[in-house]
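Scroll down for the structure; my scribbles are underneath it.
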Amino acid sequence: MPLYEASLAWEALRRQSLSEIGASIDLSTVQAQYYPLARQRAGSEELMGLRSKISGIAEEFGFPSSVSSKNLVEFDRSVGPEVHAQMTIMPADASSIDVWNFINTAVVPDVVLWRYGKFNSQGKKWSISEDRLFDMTRTTIGRLWWRVHLLGVELAGRLGEDEVVNLLEKPRIGGYPMLSRALGTRLLTFSSESNTTRRMELFRDVTKRLIRKMAVQSVFIMTAEQIDEFVTSLFVESAAALSLQTGVPQAAPSERDNQERAFTTDWPVF
């Protein structure tokens, strides 16, 4: 669904109640656009099945009533794997915002408003950030599909919401599954070993160091083992800078390390 069509549809949706929106959805007549080389097209049965799955999980967490933010986060964790399993699409398709415009606008608009919208009783209109409707990295349903695709079901369910956002909303990091999974796994391992309460502070420092190093060092040519070693070294550096215990034994410096350190120390700086 193109942006202009989705925007027009949301102008009308914002003025309806959740029950009115739910009653008006008819996926047997909705017009969807397909690209010419699509090998398989989702029909009304598949779309209704997806809607039933998402709305059913939402009802388990209190939809359509107002619920706590904790319930909403748990909804995200529960619905993500189901959306990923039910929508058998390729990453190239999932990279199109038009796909998620259609899901948000035509399939589950009432769930989208329940998740991120706020109803103004005086103006009798819903307010919702456009990022949650039309932005590729923050779209309500699409980000959950990508979360599971990039991190895997188990890791996506164990990481905190802020940690996932810090990881996946940086495309150079989160867009590479091998790297994002190594970062998430190492964070959980570190937390269990050190029992730190500064987990998010550590993770932010790690991602900053990673972005700086990626300017001169490519992770895309590394093997899985090399990425694990690289990520572990980042956590060790960050933990040392923040005075945290890593639980990772550090090797004693070799003679070559000492020579290199002496060289960099003695070299004049202008």
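What you find for Ala156 and Arg147 is that their closest heavy atoms are CB-CG, 3.8 Å. Minimum heavy-atom separation, Ala182 to Asp228: CB-OD1, 3.6 Å. Closest of all the heavy-atom pairs between Ala106 and Leu27 is O-CD2, 3.4 Å. Contact record, Ile221 with Gln226: O-OE1, 4.3 Å, taken as the closest heavy-atom pair. Residues Asp98 and Leu3 share a closest heavy-atom pair of OD1-N, 4.4 Å. Listed here is the closest heavy atom pair of Ala94 and Ile89: CB-CD1, 3.9 Å.
In this structure, CG in Leu155 is found 4.5 Å from OG1 in Thr185, a value given to the nearest 0.5 Å.
Remark: the backbone N or O of Gln16 is paired with a side-chain donor or acceptor of Trp126 at under 3.5 angstrom. A donor-acceptor pair under 3.5 Å links the side-chain atoms of Arg77 to the main chain of Leu159, judged by distance alone. With Ser96 contributing its side chain and Ala92 its backbone, the two residues share no donor-acceptor pair below 3.5 Å. Judged by distance alone, the side chain of Glu163 and the main-chain N or O of Gly160 form a donor-acceptor pair under 3.5 Å. Asn104 contributes a side-chain N or O that, together with a main-chain N or O of Trp100, makes up a donor-acceptor pair within less than 3.5 Å. Thr140 places a side-chain N or O within donor-acceptor distance of the main-chain N or O of Arg132, the cut-off being under 3.5 Å. At distances below 3.5 Å, not a single donor-acceptor pair connects side-chain atoms of Glu169 with backbone N or O atoms of Asn166. The backbone N or O of Leu150 sits less than 3.5 Å from a side-chain atom of Arg181, completing a donor-acceptor pair. Side chain of Arg198 to main chain of Leu242: a donor-acceptor pair is present (N/O by atom type, distance under 3.5 Å, no hydrogens or angles).
By the rule that hydrophobic residues join a cluster once side-chain heavy atoms approach within less than 4.5 Å of another member, Ile57 and Val153 end up as members of separate clusters.
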Test log, rule side-chain hydrogen bond (donor to acceptor under 3.5 Å, both in side chains), inputs Ser238 and Arg209:
CA-CA 8 Å; Ser238 293; Arg209 291 174 185 274; 3.1 Å; yes
Is there a salt bridge (Lys or Arg N to Asp or Glu O under 4.0 Å) between Glu20 and Arg15 once you walk through the steps?
CA-CA 10 Å; Glu20 289 173 337; Arg15 302 180 186 279; over 6 Å; no
Apply side-chain contact (heavy atoms from CB on, under 4.5 Å) to the pair Lys213 and Phe230, showing each step before the final yes or no.
CA-CA 10 Å; Lys213 291 195 175 185; Phe230 178 56; 4.0 Å; yes
Checking Asp76 against Arg115 for the salt bridge (Lys or Arg N to Asp or Glu O under 4.0 Å) test, could you report, in this order, the C-alpha distance in whole Å, the side-chain angles of both residues, the deciding distance, and whether it holds?
CA-CA 9 Å; Asp76 287 348; Arg115 176 63 181 90; 2.8 Å; yes
Pair Ser180, Leu151 - check side-chain contact (heavy atoms from CB on, under 4.5 Å), show working.
CA-CA 7 Å; Ser180 56; Leu151 297 177; 3.9 Å; yes
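Between Arg199 and Asp162 there is no salt bridge, since no side-chain N of the basic residue sits under 4.0 Å from a carboxylate O of the acidic one. Salt-bridge check for Arg14 with Glu11: passed, with a basic side-chain N closer than 4.0 Å to an acidic carboxylate O.
Considering only heavy atoms from C-beta on, Val219 comes within 4.5 Å of Met214 through its side chain. Between Thr189 and Arg186 there is a side-chain heavy-atom pair separated by less than 4.5 Å. Leu179 places a side-chain heavy atom less than 4.5 Å from the side chain of Leu210. No side-chain heavy atom of Asn71 sits less than 4.5 Å from a side-chain heavy atom of Glu60. Looking at heavy atoms from C-beta onward, Leu18 lies in side-chain contact with Phe63 at the 4.5 angstrom threshold. By the 4.5 Å heavy-atom criterion applied to side chains, Gln86 and Glu46 are not counted as neighbours. Trp145 has its side chain out of reach of Ile103: every pair of non-hydrogen atoms, C-beta onward, lies at least 4.5 Å apart. For the pair Leu47 and Phe102, the minimum side-chain heavy-atom distance is below 4.5 Å.
Taking the six-membered ring where tryptophan is involved, the planes of Trp146 and His149 are perpendicular, since the angle between them exceeds 60° and thus also 30°. Below 30°, between 30° and 60°, or above 60°: for Phe75 and Phe61 the angle between ring planes is above 60°, a perpendicular geometry.
Checking Asn120 against Ser127 by side-chain atom types alone, no donor-acceptor pair falls below 3.5 Å.
The number of heavy atoms from other shown groups lying within 6.0 Å of CD (Glu154) does not exceed 12.
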